[in-house]
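Notes follow once the structure below has been shown.
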Amino acid sequence: LVLLAAYVGYVGLGAAVLQALERPAEVQAARRLLQERWELLANHTCLQGPALQRLVQGIIQAYKSGITLQGNSTSLGRWDYSGSFFFSISAITTIGYGNLSPSTAVGRIFCIVFALFGIPLNLVLLNEIGQLMLLGVQHCARRLEEVFHWQNKASLLMKTCALVTGLLLFLLLPPLLFSDKEGWSYEEGFYYSFITLSTIGFGDYVIGMNPDRTYPRWYKNVISLWILFGMAWLALVIKFCINLLE
């Protein structure tokens with residue numbers, strides 16, 4: 001009962017803080033959108049409200065499918081092989097950004113079957129990667145104990161090194177790459193890194209989706225490997241936090 005109360009209280013506190021931080025911006029954005037709509041209709045009297053609404057809905061639906069307007073043409077590419085590979089990774093890792101999803105009935109059925117077997121396969125692989133990371137840390141700790149005759153210090157030192165190395169490789173350095181390839185700020189890149197590796201996957205930031213940028217072929221493949229190993233590392237960190245809480 002105490003644990004349940006702490007859980008509900010923690011979520012409730014988070015909700016209150018987020019409401020205080022985000023609600024004013026939401027209200028302001030809604031007012032600005034309505035003002036721009038009325039200004040557009042007033043300045044272009046040939047436009048009709050229902051027709052404009054249908055166009056907006058069509059643009060939103062097309063964007064969800066990965067189609068964007070570029071002048072008099074449209075841009076495709078979210079469902080090419082690299083985009084489909086990245087979607088497959090996001091599906092079986094349960095990140096589920098939500099910015100892209102199958103639009104055909106056959107595609108949705110396949111996605112269900114694919115995820116049904118892919119999620120356990122992904123969990124097994126992540127567990128094996130995590131175990132290898134732990135074995136590596138333990139092996140290095142034993143070597144330090146043998147060479148320098150340290151006891152508890154060697155284990156603490158190696159765990160600290162593993163934590164710092166993981167922070168650099170998976171959270172602190174990737175935002176620099178995202179700043180270069182996506183044009184995001186460092187804070188946005190760091191936010192994307194944690195939201196992705198923790199499998200929260202809001203979908204507000206997703207790599208390789210800007211039609212105005214040209215991405216190298218290796219980009220999404222490297223990010224897929226980063227996600228795989230980064231999730232294994234962060235799972236170990238979260239497991240350590242669970243042990244502390246328990």
Side-chain angles (χ1 to χ4, degrees), residues 3 6-7 9-11 13-14 17-18 21 86 89-97 118-182 184-208 218-246:
L3 182 60
Y7 180 86
Y10 188 79
V11 175
L13 176 63
V17 173
L18 287 170
L21 294 175
F86 189 73
I89 289 287
S90 69
I92 65 174
T93 54
T94 69
I95 295 173
Y97 289 115
I119 291 172
L121 177 63
N122 177 74
L123 291 174
V124 170
L125 178 61
L126 289 181
N127 183 61
E128 289 297 320
I129 293 175
Q131 291 300 320
L132 286 175
M133 289 179 176
L134 278 177
L135 287 175
V137 171
Q138 292 170 357
H139 176 73
C140 292
R142 285 195 299 267
R143 292 292 296 172
L144 285 176
E145 289 177 0
E146 293 172 359
V147 174
F148 297 101
H149 303 290
W150 294 340
Q151 294 181 353
N152 296 330
K153 291 182 180 179
S155 178
L156 179 61
L157 177 62
M158 289 311 305
K159 288 179 180 179
T160 303
C161 289
L163 178 63
V164 173
T165 303
L167 281 172
L168 287 172
L169 290 178
F170 301 121
L171 288 178
L172 298 179
L173 292 180
L176 299 177
L177 176 64
F178 300 140
S179 297
D180 178 57
K181 301 301 180 184
E182 304 290 342
W184 298 341
S185 66
Y186 185 86
E187 176 269 329
E188 290 171 327
F190 184 83
Y191 167 80
Y192 167 79
S193 298
F194 182 81
I195 293 300
T196 294
L197 298 184
S198 61
T199 73
I200 296 173
F202 289 125
D204 48 353
Y205 289 91
V206 184
I207 60 105
W218 53 263
Y219 183 50
K220 286 187 177 180
N221 296 328
V222 169
I223 297 304
S224 297
L225 289 175
W226 166 74
I227 289 175
L228 194 61
F229 286 91
M231 283 179 60
W233 171 81
L234 190 58
L236 293 176
V237 175
I238 292 174
K239 184 178 180 180
F240 176 73
C241 294
I242 290 174
N243 292 334
L244 285 180
L245 287 173
E246 288 180 342

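All values derive from a computational prediction rather than experimental measurement.
- For the pair I223/L177, a side-chain contact is recorded, criterion being any heavy-atom separation below 4.5 Å from C-beta on.
- Looking at I119 and L123, their side chains come closer than 4.5 Å, going by heavy atoms from C-beta outward.
- The distance from the OH atom of Y205 to the CD atom of E188 is 3.5 Å, given to the nearest 0.5 Å.
- A side-chain N or O of Y97 and one of T196 form a donor-acceptor pair less than 3.5 Å apart.
- Remark: T165 pairs with L169 by the side-chain contact (heavy atoms from CB on, under 4.5 Å) rule, at least two apart or across chains.
- Remark: side-chain polar atoms of Y186 are paired, donor with acceptor, to backbone N or O of L172 under 3.5 angstrom.
- Contact detail for P174 and S193: the closest heavy-atom pair is CB-OG, 4.0 Å.
- Minimum interatomic distance between C140 and M158 (heavy atoms only, all atoms of both residues): CB-CE, 3.3 Å.
- In this structure, OH in Y219 is found 5.5 Å from CZ in F178, a value given to the nearest 0.5 Å.
- One distance of note links CD1 of I207 with CD1 of I227; it measures 7.0 Å at 0.5 Å rounding.
- Minimum heavy-atom separation, V137 to A162: CG2-CB, 3.7 Å.
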CA sep, side-chain torsions, deciding dist, call: I89, N122, side chain to side chain contact (heavy atoms under 4.5 Å, CB included): CA-CA 9 Å; I89 289 287; N122 177 74; over 6 Å; no
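- Considering Y192, Y191, F190 in turn, Y192 is the only one that fulfils the ring-ring contact (aromatic ring centres under 6.0 Å, His included) rule with W184.
- Across every non-hydrogen atom of T199 and T93, the tightest pair is CG2-O, 3.5 Å.
- Other residues, nucleotides and ligands place no more than 12 heavy atoms under 6.0 Å from the NZ atom of K159.
- To the nearest 0.5 Å, the span separating CG on L236 from CG on L163 amounts to 11.0 Å.
- The nearest pair of heavy atoms linking F229 to M133 is O-CE, 3.7 Å.
- The side-chain heavy atoms of L176 and L173, taken from C-beta on, include a pair separated by under 4.5 Å.
- Listed here is the closest heavy atom pair of L197 and M231: O-CG, 3.5 Å.
- Sorted by first then second residue, the side chain to side chain donor-acceptor pair (under 3.5 Å) pairs that include residues 221-246, not counting sequence neighbours, number zero.
- To the nearest 0.5 Å, the span separating CD1 on I200 from OG1 on T94 amounts to 11.0 Å.
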